[in-house]
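Okay, so here's the structure we're looking at.
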Protein chains: 2
Amino acid sequence: MEPNTTPNELDVTEFALVFEELTRIIIRLPSIEKLSFTTLSVLHTLSRKSPMRLTELTANEQVTQSGITQLVTRLERDGLVERRPDPTDGRVVLVHITAKGADIIHSRRLDRIAQLSTFMEGLTPEEKETVAAALPALRRLGELGNGMRT
Amino acid sequence: MEPNTTPNELDVTEFALVFEELTRIIIRLPSIEKLSFTTLSVLHTLSRKSPMRLTELTANEQVTQSGITQLVTRLERDGLVERRPDPTDGRVVLVHITAKGADIIHSRRLDRIAQLSTFMEGLTPEEKETVAAALPALRRLGELGNGMRT
DNA sequence: TAACTTATATAAATATGTGATATAATTCTT
DNA sequence: AAGAATTATATCACATATTTATATAAGTTA
């Protein structure tokens, strides 16, 4: 990969690699509850928007409709979500996240924040400032990424 | 004290949330090969360092030693890794990633870079510059995170 | 209203993961 | 240097998860 010669020009490859590395670290942070990747993903999706239809969940996650139905059944058994009918359409099931389910996502998030904080302490004040300055752009990058989802 | 004069303080919570969102998007980028999370994780680990012992892999991934042994057997069957003996210790098996295995990681990385590039195009030049300016600090954050792994 | 479509569920087969245990190679102990 | 303990990997039996194909019920359309 050719490094960009223009000063301060954004090297997307470099960004992707750095991001990959950070993701790798975060994924490997130890956590108490042993929930599968798919389980956490569905819970996380529901923590952003609840309730959701099973079909909607199926579209978001990378498992089949059958897989989602069964996963939701397990989550319901464990009290992390609830199935409720949709008054306007008798076919659909609306999956609501419970307080217990939301707590799991929330506490994991707090763990991550704590870990990230200790890592951040190793940065110089100047480095921290560059990260802080980039936050708005990164947030917008996320919005752009969401908007472009087909 | 005007808010403008206050140095831009880094909000770790905000960083974690933005990072979470970006991760979420990247994970959901469509990809052709349907390999499980664990499979990809092991391949990715090996793409960073190969060969590795099974025990070493077990320590990195979140499955049992038995699980890793079986996963490696499957990967070997699919031609993504190779088992070779360690000349210095007759007990150990060294798992080498093959070109085919490395290609999977590489092509997925290229996909991610391409997608990120299109998202980045939506940023203003100023925004891109803040991201570019933060890259060195983010890279160092990754190094710090790696170093602190217990 | 019959035919089609959509949303979810179920069943059977397959894939994946765990825990307990086995085997072989190495290291430690005396 | 032999026997005991340890380490690295493999295997077996079982549990859990996921897919494919199909079923059922509700809504939509011609």
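All values below come from the heavy atoms of this structure, side chains included, with hydrogens, waters and symmetry mates left out. Note on naming: letters A, B, ... go to the chains in the order of the sequence lines (proteins, then strands), and numbering restarts at 1 for each one. What you see is a predicted model; the values in this text were computed from it and never measured.
- Look at Thr64(B) and you won't find any side-chain N or O under 4.0 angstrom from OP1 or OP2 of dG17(C).
- In this structure, a donor-acceptor pair under 3.5 Å is absent between the side chains of Arg74(A) and Ser36(A).
- For the pair Ile68(B) CD1 and dG19(C) P, the interatomic distance rounds to 14 Å; values are reported in whole Å.
- Using a 4.0 Å cut-off between charged side-chain N and carboxylate O, Lys128(A) and Glu9(B) make no salt bridge.
- Listed pair Arg74(B) / dT14(C) fails the phosphate criterion, with no side-chain N or O lying under 4.0 Å from OP1 or OP2.
- Counting side-chain heavy-atom gaps under 4.5 Å among Ile, Leu, Val, Met, Phe, Trp and Tyr, the cluster of Leu94(A) also holds Val92(A).
- Within 6.0 Å of atom NE2 in His96(B), more than 12 heavy atoms from other residues, nucleotides or ligands are found, so the atom counts as buried in its surroundings.
- A side-chain N or O of Ser41(A) and one of Glu61(A) form a donor-acceptor pair less than 3.5 Å apart.
- Atom CD of Glu61(A) and atom C1' of dT19(D) are 17 Å apart (whole Å).
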Its contact letters, B for base, S for sugar-phosphate only and - for none at protein heavy atoms under 4.0 Å, make nucleotides 7-14 of chain D read BSBBBB--
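- Computed from coordinates, the Gln62(B) CD to dT16(C) P distance equals 18 Å when rounded to whole Å.
- Atom pair Leu71(B):CG and dT18(C):P shows a separation of 10 Å (rounding to whole Å applied).
- Distance, Lys34(A) NZ to dT16(D) P: 11 Å, rounded to whole Å.
- Between Thr13(A) and Asp11(A), the closest heavy-atom pair is N-OD1, 3.0 Å.
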